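This report refers to the structure that appears directly beneath it.
Whatever order the structure lists them in is the order used to number ligands and atoms, beginning at 1. As the structure is a computational prediction, the values presented were derived from the model and not from experiment.
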Amino acid sequence: MSDVQIIDVSPRDGLQNEPVVVSTEKKKKLIEMLVRSNVKKIEATSFVHPRKVPQMVDAEQVMKQCKEFAGIEFVALIPNLKGFQRAIQANISEVNWVTAATETFNYKNIGMSIDENFAQFKRIVQESRILNMKVCFSIAVSFGCPYEGEVNPAKVISLVERAVEAGADRIGIADTIGIATPKQVKRLLAEVLQVAQSTPIAIHLHDTRGMGLANAYAALEAGVKIFETSASGIGGCPFAPGAAGNLATEDLVYMFERMGVKTEIDFEKLLEAADFAASLTSNQPLGRIRQVEKRGSLR
Ligand code: COA
Ligand code: ZN
(Lines give C-alpha, C1' and ligand atoms only; values in the text may rest on other atoms or scores of the structure.)
(Ligands and ions follow the chains in the order given, each with its own letter.)
Protein backbone atom coordinates (compact mmCIF):
# COMPACT_ATOMS: atom_id res chain seq x y z
CA MET A 1 0.00 0.00 0.00
CA SER A 2 1.31 3.45 -0.83
CA ASP A 3 0.96 6.26 1.71
CA VAL A 4 0.18 8.86 -0.95
CA GLN A 5 -1.27 8.89 -4.44
CA ILE A 6 0.59 10.61 -7.23
CA ILE A 7 -1.31 11.68 -10.32
CA ASP A 8 1.10 12.39 -13.14
CA VAL A 9 -0.26 15.17 -15.35
CA SER A 10 2.60 15.37 -17.84
CA PRO A 11 0.66 14.22 -20.93
CA ARG A 12 -1.87 17.03 -20.30
CA ASP A 13 -0.44 19.92 -18.26
CA GLY A 14 3.08 19.01 -19.34
CA LEU A 15 2.45 19.25 -23.04
CA GLN A 16 -0.41 21.77 -23.36
CA ASN A 17 1.89 24.78 -23.41
CA GLU A 18 4.49 23.43 -25.81
CA PRO A 19 5.02 25.33 -29.07
CA VAL A 20 5.42 22.07 -31.00
CA VAL A 21 2.52 19.63 -31.14
CA VAL A 22 3.68 16.23 -29.91
CA SER A 23 2.42 13.24 -31.93
CA THR A 24 -0.18 10.86 -30.47
CA GLU A 25 2.37 8.07 -30.77
CA LYS A 26 4.88 9.90 -28.58
CA LYS A 27 2.18 10.77 -26.04
CA LYS A 28 1.32 7.08 -25.90
CA LYS A 29 4.97 6.23 -25.30
CA LEU A 30 5.16 8.73 -22.45
CA ILE A 31 2.03 7.21 -20.89
CA GLU A 32 3.45 3.72 -21.37
CA MET A 33 6.70 4.70 -19.61
CA LEU A 34 4.77 6.22 -16.71
CA VAL A 35 2.71 3.04 -16.44
CA ARG A 36 5.92 0.99 -16.42
CA SER A 37 7.20 3.06 -13.51
CA ASN A 38 4.03 2.05 -11.62
CA VAL A 39 2.26 5.41 -11.72
CA LYS A 40 -1.33 4.32 -11.21
CA LYS A 41 -3.18 7.47 -12.19
CA ILE A 42 -2.48 9.73 -15.16
CA GLU A 43 -4.17 12.87 -16.47
CA ALA A 44 -3.82 11.97 -20.12
CA THR A 45 -5.38 14.84 -22.07
CA SER A 46 -8.04 17.56 -22.12
CA PHE A 47 -11.20 17.97 -24.17
CA VAL A 48 -10.73 21.65 -24.88
CA HIS A 49 -10.99 23.70 -28.06
CA PRO A 50 -8.20 22.66 -30.46
CA ARG A 51 -7.92 26.25 -31.66
CA LYS A 52 -7.19 27.41 -28.11
CA VAL A 53 -4.91 24.52 -27.18
CA PRO A 54 -3.68 22.85 -30.40
CA GLN A 55 -1.52 20.39 -28.44
CA MET A 56 -4.68 18.62 -27.21
CA VAL A 57 -6.21 18.20 -30.68
CA ASP A 58 -5.86 14.40 -30.47
CA ALA A 59 -7.70 13.97 -27.12
CA GLU A 60 -10.00 11.24 -28.51
CA GLN A 61 -7.12 9.25 -29.99
CA VAL A 62 -5.04 9.55 -26.81
CA MET A 63 -7.91 8.26 -24.67
CA LYS A 64 -8.42 5.39 -27.10
CA GLN A 65 -4.76 4.40 -26.73
CA CYS A 66 -5.10 4.50 -22.93
CA LYS A 67 -7.61 1.64 -23.05
CA GLU A 68 -4.66 -0.69 -23.65
CA PHE A 69 -3.35 -0.12 -20.13
CA ALA A 70 -5.39 -2.24 -17.76
CA GLY A 71 -5.52 -1.35 -14.08
CA ILE A 72 -4.54 2.29 -14.59
CA GLU A 73 -6.90 5.17 -13.87
CA PHE A 74 -6.96 7.78 -16.59
CA VAL A 75 -8.38 11.28 -16.21
CA ALA A 76 -9.19 13.88 -18.83
CA LEU A 77 -9.63 17.57 -18.10
CA ILE A 78 -12.87 19.15 -19.30
CA PRO A 79 -13.75 22.87 -19.35
CA ASN A 80 -17.46 22.85 -20.26
CA LEU A 81 -20.50 20.79 -21.30
CA LYS A 82 -19.13 20.22 -24.77
CA GLY A 83 -15.96 18.78 -23.23
CA PHE A 84 -18.14 16.52 -21.08
CA GLN A 85 -20.05 15.29 -24.13
CA ARG A 86 -16.75 14.49 -25.85
CA ALA A 87 -15.59 12.62 -22.72
CA ILE A 88 -18.80 10.55 -22.71
CA GLN A 89 -18.30 9.69 -26.39
CA ALA A 90 -14.75 8.62 -25.57
CA ASN A 91 -16.08 6.35 -22.82
CA ILE A 92 -13.99 7.87 -20.04
CA SER A 93 -14.46 6.91 -16.41
CA GLU A 94 -13.08 10.07 -14.77
CA VAL A 95 -13.05 13.73 -15.73
CA ASN A 96 -11.43 16.73 -14.12
CA TRP A 97 -13.60 19.82 -14.28
CA VAL A 98 -11.70 23.08 -14.09
CA THR A 99 -12.79 26.35 -12.58
CA ALA A 100 -10.73 29.23 -11.23
CA ALA A 101 -10.66 31.08 -7.95
CA THR A 102 -10.93 34.43 -9.78
CA GLU A 103 -13.44 35.69 -12.36
CA THR A 104 -10.76 37.13 -14.65
CA PHE A 105 -8.82 33.89 -14.89
CA ASN A 106 -12.02 31.95 -15.42
CA TYR A 107 -12.98 34.18 -18.36
CA LYS A 108 -9.54 34.03 -19.92
CA ASN A 109 -9.31 30.27 -19.43
CA ILE A 110 -12.77 28.99 -20.26
CA GLY A 111 -14.82 32.03 -21.28
CA MET A 112 -17.45 32.05 -18.55
CA SER A 113 -18.17 33.32 -15.05
CA ILE A 114 -17.69 31.19 -11.93
CA ASP A 115 -21.48 30.99 -11.46
CA GLU A 116 -22.03 29.85 -15.05
CA ASN A 117 -19.27 27.33 -14.54
CA PHE A 118 -20.96 25.99 -11.40
CA ALA A 119 -24.32 25.68 -13.11
CA GLN A 120 -22.67 23.47 -15.75
CA PHE A 121 -20.74 21.53 -13.12
CA LYS A 122 -23.94 20.62 -11.26
CA ARG A 123 -25.46 19.32 -14.47
CA ILE A 124 -22.51 17.12 -15.31
CA VAL A 125 -22.34 15.67 -11.79
CA GLN A 126 -25.97 14.58 -12.13
CA GLU A 127 -25.38 13.04 -15.55
CA SER A 128 -22.14 11.40 -14.43
CA ARG A 129 -24.01 9.47 -11.71
CA ILE A 130 -26.12 7.73 -14.34
CA LEU A 131 -23.01 6.99 -16.40
CA ASN A 132 -20.95 5.78 -13.44
CA MET A 133 -18.33 8.41 -14.12
CA LYS A 134 -16.22 10.18 -11.53
CA VAL A 135 -16.13 13.97 -11.64
CA CYS A 136 -13.35 15.93 -9.98
CA PHE A 137 -13.36 19.66 -9.44
CA SER A 138 -10.10 21.57 -9.76
CA ILE A 139 -9.65 25.15 -8.61
CA ALA A 140 -7.01 26.96 -10.67
CA VAL A 141 -5.07 29.95 -9.28
CA SER A 142 -6.02 29.05 -5.71
CA PHE A 143 -3.17 31.07 -4.20
CA GLY A 144 -2.49 33.80 -6.72
CA CYS A 145 -3.80 34.94 -10.09
CA PRO A 146 -1.76 36.52 -12.90
CA TYR A 147 -4.61 39.02 -13.46
CA GLU A 148 -6.10 39.66 -10.01
CA GLY A 149 -3.06 39.07 -7.77
CA GLU A 150 -3.31 37.60 -4.29
CA VAL A 151 -6.33 35.31 -3.82
CA ASN A 152 -8.32 35.51 -0.61
CA PRO A 153 -8.41 31.99 0.94
CA ALA A 154 -12.08 32.56 1.80
CA LYS A 155 -12.85 32.49 -1.94
CA VAL A 156 -11.26 29.06 -2.30
CA ILE A 157 -13.02 27.73 0.79
CA SER A 158 -16.35 28.91 -0.56
CA LEU A 159 -15.68 27.13 -3.89
CA VAL A 160 -14.74 23.96 -2.00
CA GLU A 161 -18.01 24.14 -0.06
CA ARG A 162 -19.99 24.56 -3.27
CA ALA A 163 -18.12 21.70 -4.98
CA VAL A 164 -18.75 19.36 -2.04
CA GLU A 165 -22.42 20.30 -2.06
CA ALA A 166 -22.63 19.68 -5.79
CA GLY A 167 -21.16 16.19 -5.30
CA ALA A 168 -17.55 16.41 -6.55
CA ASP A 169 -15.71 13.09 -6.25
CA ARG A 170 -12.39 14.82 -5.60
CA ILE A 171 -11.33 18.44 -5.26
CA GLY A 172 -8.01 19.75 -6.55
CA ILE A 173 -6.36 22.88 -5.21
CA ALA A 174 -4.02 24.23 -7.88
CA ASP A 175 -1.14 26.64 -7.57
CA THR A 176 -1.24 27.35 -11.29
CA ILE A 177 1.43 30.05 -11.31
CA GLY A 178 3.65 28.56 -8.58
CA ILE A 179 3.24 31.51 -6.24
CA ALA A 180 2.21 29.81 -2.99
CA THR A 181 4.42 29.65 0.08
CA PRO A 182 4.53 26.62 2.41
CA LYS A 183 2.84 28.56 5.19
CA GLN A 184 -0.08 29.48 2.92
CA VAL A 185 -0.35 25.91 1.65
CA LYS A 186 -0.44 24.40 5.11
CA ARG A 187 -3.01 26.87 6.37
CA LEU A 188 -5.32 26.72 3.35
CA LEU A 189 -5.13 22.95 2.89
CA ALA A 190 -5.82 22.27 6.56
CA GLU A 191 -9.00 24.34 6.24
CA VAL A 192 -9.93 22.79 2.90
CA LEU A 193 -9.60 19.27 4.36
CA GLN A 194 -11.84 20.22 7.24
CA VAL A 195 -14.52 21.72 5.00
CA ALA A 196 -14.32 18.87 2.45
CA GLN A 197 -14.77 16.18 5.13
CA SER A 198 -14.80 12.84 3.27
CA THR A 199 -14.23 14.30 -0.22
CA PRO A 200 -10.60 13.53 -1.23
CA ILE A 201 -8.37 16.56 -1.71
CA ALA A 202 -5.50 16.84 -4.18
CA ILE A 203 -2.83 19.50 -4.47
CA HIS A 204 -1.56 20.53 -7.90
CA LEU A 205 1.83 22.22 -7.73
CA HIS A 206 3.97 24.26 -10.07
CA ASP A 207 7.62 24.89 -9.31
CA THR A 208 7.88 28.27 -11.01
CA ARG A 209 9.71 29.91 -8.11
CA GLY A 210 11.38 26.81 -6.66
CA MET A 211 8.82 26.31 -3.89
CA GLY A 212 7.22 23.15 -5.24
CA LEU A 213 8.79 20.62 -2.87
CA ALA A 214 8.43 22.84 0.17
CA ASN A 215 4.78 23.30 -0.72
CA ALA A 216 4.30 19.55 -1.22
CA TYR A 217 5.75 18.96 2.24
CA ALA A 218 3.48 21.61 3.72
CA ALA A 219 0.48 19.95 2.07
CA LEU A 220 1.55 16.55 3.42
CA GLU A 221 1.82 18.07 6.90
CA ALA A 222 -1.68 19.45 6.52
CA GLY A 223 -2.94 15.94 5.75
CA VAL A 224 -3.11 15.91 1.93
CA LYS A 225 -2.57 12.49 0.36
CA ILE A 226 -3.01 13.18 -3.36
CA PHE A 227 -0.38 15.07 -5.36
CA GLU A 228 -0.48 16.18 -9.00
CA THR A 229 2.95 16.50 -10.57
CA SER A 230 4.55 16.05 -13.95
CA ALA A 231 7.45 13.88 -15.14
CA SER A 232 10.56 16.03 -15.60
CA GLY A 233 8.59 19.04 -14.37
CA ILE A 234 7.34 19.88 -17.85
CA GLY A 235 4.29 22.08 -18.06
CA GLY A 236 2.63 25.44 -17.90
CA CYS A 237 -0.65 27.11 -18.73
CA PRO A 238 -1.31 28.93 -22.00
CA PHE A 239 -3.74 31.25 -20.19
CA ALA A 240 -1.42 32.20 -17.32
CA PRO A 241 1.40 34.39 -18.58
CA GLY A 242 4.74 33.29 -17.14
CA ALA A 243 3.40 30.03 -15.70
CA ALA A 244 6.25 27.53 -15.80
CA GLY A 245 6.72 23.84 -15.12
CA ASN A 246 4.89 21.63 -12.70
CA LEU A 247 6.64 20.14 -9.72
CA ALA A 248 8.67 17.20 -11.12
CA THR A 249 7.17 13.81 -10.22
CA GLU A 250 10.64 12.32 -9.73
CA ASP A 251 11.64 15.06 -7.26
CA LEU A 252 8.52 14.45 -5.19
CA VAL A 253 8.96 10.67 -5.28
CA TYR A 254 12.60 11.07 -4.23
CA MET A 255 11.70 13.32 -1.30
CA PHE A 256 8.82 11.13 -0.14
CA GLU A 257 10.75 7.85 -0.35
CA ARG A 258 13.72 9.37 1.54
CA MET A 259 11.26 10.48 4.21
CA GLY A 260 9.71 7.02 4.46
CA VAL A 261 6.49 8.05 2.71
CA LYS A 262 5.70 5.15 0.39
CA THR A 263 4.79 5.91 -3.23
CA GLU A 264 5.28 2.41 -4.74
CA ILE A 265 6.75 4.06 -7.82
CA ASP A 266 9.81 2.51 -9.48
CA PHE A 267 12.26 5.40 -9.28
CA GLU A 268 14.68 4.24 -12.01
CA LYS A 269 11.86 3.67 -14.47
CA LEU A 270 10.35 7.02 -13.52
CA LEU A 271 13.66 8.71 -14.38
CA GLU A 272 13.49 7.08 -17.81
CA ALA A 273 9.97 8.43 -18.28
CA ALA A 274 11.16 11.86 -17.13
CA ASP A 275 14.00 11.85 -19.67
CA PHE A 276 11.55 10.96 -22.39
CA ALA A 277 9.14 13.70 -21.25
CA ALA A 278 11.97 16.23 -21.39
CA SER A 279 12.92 15.09 -24.89
CA LEU A 280 9.40 15.94 -26.09
CA THR A 281 9.65 19.56 -25.04
CA SER A 282 11.89 22.49 -25.68
CA ASN A 283 13.07 22.42 -22.06
CA GLN A 284 16.07 20.86 -20.43
CA PRO A 285 14.99 18.38 -17.72
CA LEU A 286 13.64 20.58 -14.95
CA GLY A 287 13.65 18.04 -12.14
CA ARG A 288 16.53 18.63 -9.71
CA ILE A 289 17.19 14.93 -9.17
CA ARG A 290 17.88 14.44 -12.86
CA GLN A 291 20.45 17.21 -12.84
CA VAL A 292 22.24 15.63 -9.88
CA GLU A 293 22.51 12.30 -11.66
CA LYS A 294 23.88 13.97 -14.79
CA ARG A 295 26.77 15.35 -12.72
CA GLY A 296 27.56 11.81 -11.62
CA SER A 297 26.70 12.41 -7.96
CA LEU A 298 25.12 9.78 -5.76
CA ARG A 299 21.36 9.78 -5.75
N1 COA B 1 -14.08 21.10 -27.28
C2 COA B 1 -14.11 21.40 -28.59
N3 COA B 1 -14.81 22.42 -29.10
C4 COA B 1 -15.52 23.17 -28.24
C5 COA B 1 -15.52 22.92 -26.87
C6 COA B 1 -14.77 21.83 -26.39
N7 COA B 1 -14.71 21.53 -25.09
N8 COA B 1 -16.31 23.82 -26.27
C9 COA B 1 -16.80 24.63 -27.22
N10 COA B 1 -16.35 24.23 -28.43
C11 COA B 1 -16.65 24.81 -29.73
C12 COA B 1 -18.13 25.01 -29.97
O13 COA B 1 -18.69 23.85 -30.49
C14 COA B 1 -18.13 26.16 -30.93
O15 COA B 1 -17.78 25.65 -32.21
P16 COA B 1 -18.29 26.35 -33.55
O17 COA B 1 -17.65 27.69 -33.58
O18 COA B 1 -17.78 25.43 -34.61
O19 COA B 1 -19.77 26.38 -33.41
C20 COA B 1 -16.95 27.01 -30.46
O21 COA B 1 -16.10 26.13 -29.73
C22 COA B 1 -17.35 28.17 -29.58
O23 COA B 1 -18.12 27.70 -28.50
P24 COA B 1 -18.20 28.45 -27.10
O25 COA B 1 -19.09 27.70 -26.20
O26 COA B 1 -18.50 29.91 -27.36
O27 COA B 1 -16.73 28.26 -26.53
P28 COA B 1 -15.59 29.34 -26.31
O29 COA B 1 -15.11 29.86 -27.60
O30 COA B 1 -16.02 30.30 -25.24
O31 COA B 1 -14.45 28.40 -25.70
C32 COA B 1 -13.56 26.72 -24.25
C33 COA B 1 -14.64 27.75 -24.46
C34 COA B 1 -13.62 26.28 -22.81
C35 COA B 1 -13.77 25.53 -25.16
C36 COA B 1 -12.18 27.33 -24.59
O37 COA B 1 -12.03 28.54 -23.88
C38 COA B 1 -11.01 26.43 -24.26
O39 COA B 1 -10.80 25.42 -24.92
N40 COA B 1 -10.21 26.76 -23.28
C41 COA B 1 -9.02 25.99 -22.94
C42 COA B 1 -8.87 25.87 -21.45
C43 COA B 1 -7.60 25.14 -21.11
O44 COA B 1 -7.23 24.15 -21.70
N45 COA B 1 -6.88 25.66 -20.11
C46 COA B 1 -5.69 25.04 -19.62
C47 COA B 1 -5.97 24.00 -18.61
S48 COA B 1 -6.70 24.61 -17.15
ZN1 ZN C 1 -1.07 23.10 -13.82
Side-chain angles (χ1 to χ4, degrees), residues 6-18 21 42-63 75-90 92 95-114 116-117 119-121 123-124 136-147 172-180 202-209 211-212 215-216 226-249 252 281 286:
I6 292 183
I7 306 177
D8 190 286
V9 298
S10 56
R12 197 278 299 170
D13 206 344
L15 298 177
Q16 71 182 6
N17 207 23
E18 280 304 301
V21 178
I42 298 171
E43 190 164 291
T45 190
S46 55
F47 289 100
V48 294
H49 201 300
R51 260 201 319 271
K52 300 255 174 161
V53 189
Q55 294 83 350
M56 298 292 120
V57 66
D58 58 354
E60 276 79 3
Q61 290 95 305
V62 169
M63 290 316 303
V75 188
L77 182 141
I78 56 168
N80 59 7
L81 288 173
K82 168 103 183 186
F84 183 58
Q85 293 310 326
R86 287 176 63 196
I88 295 172
Q89 290 297 312
I92 289 174
V95 288
N96 186 11
W97 180 265
V98 64
T99 190
T102 68
E103 292 290 355
T104 315
F105 194 87
N106 218 44
Y107 270 112
K108 299 250 185 205
N109 195 35
I110 56 173
M112 60 179 119
S113 71
I114 294 174
E116 283 170 299
N117 179 297
Q120 293 200 3
F121 179 68
R123 273 183 62 186
I124 72 150
C136 307
F137 184 89
S138 280
I139 308 173
V141 298
S142 282
F143 298 90
C145 167
Y147 309 106
I173 306 295
D175 183 17
T176 310
I177 57 168
I179 193 94
I203 183 119
H204 175 103
L205 293 166
H206 283 253
D207 204 20
T208 321
R209 292 166 183 78
M211 285 187 279
N215 287 338
I226 310 170
F227 295 81
E228 293 184 359
T229 55
S230 133
S232 191
I234 60 171
C237 177
F239 306 95
N246 290 262
L247 175 60
T249 307
L252 186 69
T281 71
L286 300 170

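Shown are I203, N215, D207; of these, the side chain to side chain contact (heavy atoms under 4.5 Å, CB included) with L247 is made only by D207. The residue from E43, E228, Q55 that alone fulfils the side chain to side chain donor-acceptor pair (under 3.5 Å) condition with R12 is E43.
Distance check, rounded to the nearest 0.5 Å: CZ of R209 to CD1 of I177 gives 5.5 Å. Here F239 contributes atom CZ and Y107 contributes atom OH; the two are 16.0 Å apart, rounded to the nearest 0.5 Å.
None of the N, O or S atoms belonging to E228 lies under 2.8 Å away from the Zn ion (ligand 2). Taking 2.8 Å as the criterion, C237 does not count as a coordinating residue of the Zn ion (ligand 2), since none of its N, O or S atoms falls below it.
Proximity of D13 to H206: side-chain heavy atoms (C-beta onward) are separated by under 4.5 Å at one or more points. Residues T229 and L205 are not in side-chain contact: their nearest non-hydrogen atoms beyond the backbone lie 4.5 Å or more apart.
Considering just the N/O/S atoms of D13, the one nearest the Zn ion (ligand 2) carries the name OD2.
Between T249 and A231, the shortest heavy-atom contact is OG1-N, 3.2 Å.
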Pick out the protein N or O atoms lying less than 3.5 Å from any N or O of ligand 1, and list each pair with its distance.
from	atom 1	to	atom 2	distance (Å)
ligand 1	1 (N)	V48	O	3.4
ligand 1	1 (N)	R86	NH1	2.9
ligand 1	7 (N)	F47	O	3.0
ligand 1	7 (N)	N80	OD1	3.1
ligand 1	7 (N)	G83	N	3.4
ligand 1	8 (N)	N80	ND2	2.8
ligand 1	21 (O)	H49	NE2	3.2
ligand 1	37 (O)	N109	O	3.3
ligand 1	39 (O)	H49	N	2.7
ligand 1	40 (N)	N109	O	3.0
ligand 1	45 (N)	N109	OD1	2.7

